[in-house]
There are 2 protein chains.
Amino acid sequence: MASTKKIKLTDLKSLEQAAECLRTLAHPHRLRIVQMLLQSEYTVGELAEACEIAPHMASEHLRKMQHCGFLDSEKDGQRRYYHVVEPHLANILSCIEARFE
Amino acid sequence: MASTKKIKLTDLKSLEQAAECLRTLAHPHRLRIVQMLLQSEYTVGELAEACEIAPHMASEHLRKMQHCGFLDSEKDGQRRYYHVVEPHLANILSCIEARFE
DNA sequence: TGCTTATATCGTTACATTGCGATATAGTAA
DNA sequence: TTACTATATCGCAATGTAACGATATAAGCA
């Protein structure tokens with residue numbers, strides 16, 4: 001314990017942002033949605049079915065993740081396709097899968 | 001849209017566990033604590049001071065992270081030193097730092 | 001036009017989390 | 001013993017989040 005322990009800390013403002021994104025990710029259905037969208041694009045209905053939830057619930061999860069910059073979407077007729085835009089998401093999901101499989 | 005889209009999904013039970021760990025991590029003070037503990041071990045008081053919070057708040061954050069398997073601790077007289085035991089934490093924090101700095 | 005499907009939003013209720021003062025426990029030292 | 005320090009726990013008030021039924025919008029089709 002005689003060491004100096006001088007280390008560089010991320011400022012709390014940035015950590016607050018990071019925490020907000022992690023909170024957005026920290027939901028089993030949202031994790032599954034991200035996992036799927038990392039491999040292809042999907043509609044709200046397809047994602048809802050994969051998560052076994054009502055479409056309007058999937059829609060809300062997608063809205064949250066779009067709001068914090070993870071996803072974007074484009075319309076195709078009646079349907080809306082979502083896809084991943086945050087480049088670090090794949091890496092983070094790999095870490096999570098490495099621990100929980 | 002004509003593709004088969006057959007992908008392997010993590011079961012919801014595991015995703016629930018993963019989400020719980022992410023929720024534990026998703027707090028600015030806890031992120032700072034983990035960031036520090038990845039570089040050295042520290043006492044409750046030292047971590048509290050670095051986060052600018054009361055010691056009993058740091059103690060509670062540490063208890064939560066110990067409970068979900070991120071940290072462990074050992075006593076040295078009056079003080080208690082915490083350290084990281086979850087091997088994936090360093091990798092996850094790197095992902096986070098890569099995005100938020 | 002009216003009917004159906006796909007997606008999004010609103011309003012409410014239930015539940016979880018946060019922060020914090022007060023209190024408790026354990027070790028140190030006089 | 002008493003006093004002090006470090007850490008941990010309790011109980012509560014405030015806030016945040018999740019789930020969900022009801023409703024709304026918008027596109028396709030008869």
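Naming convention: chains lettered A, B, ... in sequence-line order (proteins, then strands); numbering from 1 in each chain. Every value quoted in this text rests on a predicted model; they were computed, and no experiment measured them.
- When rounded to the nearest whole Å, the span between OH of A:Y42 and P of C:dA6 equals 17 Å.
- Between A:H27 and the phosphate of D:dA19, there is a side-chain N or O to OP1/OP2 separation shorter than 4.0 Å.
- Panel note: side chain B:E49, backbone B:E46; no donor-acceptor pair is recorded below 3.5 Å.
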side-chain hydrogen bond (donor to acceptor under 3.5 Å, both in side chains), that's the test. Do B:S94 and B:N91 meet it? Break it down for me. CA-CA 5 Å; B:S94 298; B:N91 206 340; 5.2 Å; no
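- Going from atom CD of B:E52 over to atom P of C:dG19 covers 14 Å, rounded to whole Å.
- Picking from D:dA6, C:dT7, C:dC20 the nucleotide with the shortest atom distance to the side chain of B:R79 gives D:dA6.
- The only option from A:M65, A:H67, A:H61 that meets the side-chain contact (heavy atoms from CB on, under 4.5 Å) definition with A:T24 turns out to be A:M65.
- Side-chain atoms of A:R32 come within 3.5 Å of backbone atoms of B:T10 as a donor-acceptor pair (strictly under, hydrogens ignored).
- For the pair B:H56 NE2 and C:dA24 C1', the computed distance is 13 Å after rounding to whole Å.
- Expressed to the nearest 0.5 Å, how far CD of A:E52 lies from CG of B:L12 amounts to 6.0 Å.
- Checking B:R80 against A:A26, the closest nucleotide of DNA chain D that is more toward the 5' end is the one next to B:R80.
- C:dA8 atom P lies 13 Å from atom OH of A:Y81, rounded to whole Å.
- Within the 4.0 Å cut-off from OP1 or OP2 of D:dA18, at least one side-chain nitrogen or oxygen of A:K64 is found.
- Across the protein-nucleic acid pair, A:K75 atom NZ and D:dA27 atom C1' stand 7 Å apart, rounded to whole Å.
- As a whole-Å value, the separation of B:E16 CD from D:dA19 C1' is 14 Å.
- Residue A:M57 places its side chain closer to D:dC20 than to any other of C:dG19, D:dC20, D:dA8.
- Each of A:H29 and B:Q66 was assigned the nucleotide of DNA chain D with the nearest heavy atom; the assignment lying further toward the 5' end belongs to B:Q66.
- Toward the 5' end of DNA chain C, the nearer of the two residues A:Y82 and A:Q78, judged by each one's closest nucleotide, is A:Q78.
- One can place CD of A:E60 at 17 Å from P of D:dA22, the figure rounded to the nearest angstrom.
- In this structure, B:R63 atom CZ and D:dT9 atom C1' are separated by 8 Å, rounded to whole Å.
- The B:S59 side chain lies nearest to D:dT9 when the options are C:dT18, D:dA19, D:dT9.
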